Amino acid sequence: MKRLILPGLLVLLVVFHINSQSNNPNYKISYDQRIKELLSKMTLEEKIGQFNQLSNPYHKTGPGIKSERNESFDEMVANGQIGSFLNVLGVDETMRLQKIAIEKSRLGIPLIFGYDVIHGFKTIFPIPLGESASFDRAVMEKSARIAAIEAAANGLHWTFAPMVDISRDPRWGRIMEGAGEDVYLGEQAAKARVHGFQGDDLSWDNTIAACAKHFAAYGASFGGRDYAAVDMSERMLREVYLRPYKAAVDAGVATFMSSFNTINGVPASGNRWLQTDILRGEWGFDGFVVSDWNSLGEMIYHGNVESEYDVGFRGVDAGIDMDMEGRIYINQVKQLLIDNKITISQIDEMAGRILLIKFRLGLFDNPYQYCNKQKEKELTMHSNHLSASRDGAKRSIVLLKNKNKILPITGKVKRIAVIGPLSNDKDAPLGNWRGNATPNSAVSLLEGIRNIAGNKYEILYSEGCRLLNNKENSFASPVLINNNDRSGFKKAVAAANKADIVVMALGETAYMSGECRSYADISLKGLQLELLREIKKTGKPVVLTIFSGRPLVLTDAVDHADAILNCWLLGSESGNAIADVLFGDYNPSGKLPASFPYHVGQIPVFYEQLSSGRPYDPKPDSLTSKYRDIPNAPLYAFGYGLSYTTFKFTDLKLSAEKISMKDKLTINVNIKNTGEYPGEEVVQLYIRDVVGNGVSRPVLQLRGFEKIMLAIGESKEVTFTITPADLAFFRLDETWGPEKGKFQVFIGNSSDNLPLKGEFELME
Ligand code: BGC
């Protein structure tokens, strides 16, 4: 009987913890007294031990550093020389190491176990970029909540997520890990994800510490090459790139990770202005900062310091508390203190910040609360988690094109041909930062279609061509594209000829985006475009589903497809979610979180442009800001996404024509479903600060969105509130705040479709 009741109870607990709200987050509680007492008992070596984070040597997520060293982790833990592990997971191993820390080390200080739980632990959700296309805060929070439940049940205390780096360069492989190009969407995603991981109380046994990364501006590297330098004005940094990190601090994020890049010549991991003055001084962050994987040691390669000793000094001085896998602090900090380069109070502050998070996690009260075999078994890949993954996945799909309303697939269709190298790929949808997912465990598109089609439709399948020549799927393996094997084309064309409609799956595998996976050419790789053209020649309607970790350049593909669904890498339930949309069980509602370039030469490509002195004019004889060979506009703009139904926006009302610096402005708008399907719409609010008093302002800035459901014929009023704080920027005198003057308001359903316009004035 007990066995039957328990899963039910656990379901209740899962649901309870997903929905619960409280006003007194434990992660704000201070543990000053207990930390002081503990520090007074710790030796210098034990304090330095807290700074040392080492990776499981069999599961490295970065280049090997000094892995040949004769280290005995067990001994080091017993000696208090390790404060944290990464890439060690599972109840058995975390419990074993934690026991050594608690029972064998002098003061019994618990370890903290960190892992990259980026978009799910075992149940995989859409990649963060894809999930951001849902424009749905609840969806983002829920996937992080469930990821935390599964990770915590597997012995983990800490995730290296969310990545809140804005990126306007789809060549950068890590664009998949963030919320895309926009400040406001980035802020909303950061808050939702931090709250999802951490819940209201970090000490619960199913919440984990989040980590806002990579501080700062990692997504703006030159040329979109990973690890390359970043150089930008302080205005751009503060108005765009820093804002989602600040939102994470406001949401109570427990930790930060410094980035690999230099910024304006100074490595972020040795940058006191960023890691201390701004993060702690201006924003009041009280958690700890971990370096990225040996990002301290890499300062030597940046050429700004000569030795590990100097690196140690720069790291401590900047305010980096924990050294990930670099072994710099464990080897250098003591000598730095002896030489009076750093002070004991700096060391105490660093150790204190790490201990604070361990306290908040409840590890001092019950170091084994995350070590529960029963929970590990019951909660990992719980069926509720899989259905949440399917739900989030279908909400993340973006309908880019739907000529002649060929979607959704209706009863008139009898035979469906499913074609393309990704159509039966069970691995690609998991993405590369896939937690502890089982390889090849996603529902493929073909399986999803079969699951829904049942006996109603006949399904023909043909791969058409292979995307890769190698089947190797590892962190470092090169991706060898198939550029010459067309042997499958004939069978694919034959399948298309027999079918009433063709559904193709093209794009990227899991390992074509992510860390160290930048590409200069981001169009469809290998023979995919050629295959698409051959299939289109059959004259059959073609639905193209695109799998990718980034916005691809689809310009050459668009005319060969009647409908296009951008399906990102959607996680464990990918195929089922896509099938839900194909057959109309779910009406697509996703919107692009990043512009899809018309041509790679437009990059960086984003809507929040500053106005030019010679704004775009397509006339050939006009001397204005434009390309001579391609349009300025992207192929698909930020915020764009179609639905099976249509919506009409009317009745824009502003509560006042003028507001003071202490007022709020209320904006109301009416939206009506004017089409033939019930559906959701993302109502988007943009502003433009008409005159910036000495500073140029962007032509459009997203400052609000609401996703609403409307039945056929139904209307709803949506209300937005704008405060002067929403209008703030980095002013000419380098202070932060709003300036009086005129503002325009735009409402619509994409940054390039804003039918309603209003105006108000901000007064002193
Ligand atoms: C990545 C981080 C990640 C870390 C640990 C680094 O290479 O940049 O995002 O958290 O490895 O896996």
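As the structure lists them, so they are numbered: ligands from 1, and atoms in each ligand from 1. Since we're looking at a predicted model, the values are computed, not measured.
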Nearest 0.5 Å please: distance from the CD atom of Gln53 over to the CG atom of Asp321. 12.0 Å
Going by the order shown, which atoms of ligand 1 are within less than 4.0 Å of some heavy atom of Phe160? 10 (O)
Considering only residues two or more places apart or on different chains, which pairs with a residue in residues 81-92 satisfy salt bridge (Lys or Arg N to Asp or Glu O under 4.0 Å)? Asp92-Lys373
Would you please classify the geometry between the His214 ring and the Phe260 ring as parallel, tilted or perpendicular, with 30° and 60° separating the classes? parallel
Taking a cutoff of less than 4.0 Å between a non-hydrogen atom of the residue and any ligand atom, is Met163 in contact with ligand 1? no
Is Thr61 touching ligand 1 with its side chain, its backbone, both, or neither, if touching means heavy atoms under 4.0 Å apart? both
Can the ring centroids of Phe113 and His157 be said to lie less than 6.0 angstrom from one another? yes
Which ligand 1 atoms, with their elements, are less than 4.0 angstrom from a heavy-atom of Asp292? 1 (C), 2 (C), 3 (C), 4 (C), 6 (C), 7 (O), 8 (O), 11 (O)
May I ask you to check whether Phe285 and Phe256 place their ring centres under 6.0 Å from each other? yes
Using distance alone, determine whether Tyr218 and ligand 1 share an N or O pair under 3.5 Å. no
For Trp293 and ligand 1, does the shortest N/O to N/O distance drop below 3.5 Å? no
Below 4.5 Å, heavy atoms only, C-beta onward: do Thr159 and Gln198 meet side chain to side chain? no
Does Glu325 come within less than 4.0 Å of ligand 1, judged by its heavy atoms? no
Tell me which part of Asn87 gets within contact of ligand 1: side chain, backbone, both or neither, using heavy atoms under 4.0 Å. neither
I'd like to know whether ligand 1 has Phe260 as a neighbour, heavy-atom separation below 4.0 Å. yes
With heavy atoms of Lys213 as the reference, note each atom of ligand 1 found under 4.0 Å away. 2 (C), 3 (C), 9 (O), 10 (O)
Regarding ligand 1, does Trp433 bring an N or O atom to under 3.5 Å of one of the ligand's N or O atoms? no
State if Arg174 counts as touching ligand 1 under the rule of any non-hydrogen atom under 4.0 Å. yes
When the ring centroid of Phe288 is compared with that of Trp158, is the distance short of 6.0 Å? yes
Residue set satisfying ring-ring contact (aromatic ring centres under 6.0 Å, His included) with Trp283, at least two apart, ordered chain then number -> Phe215
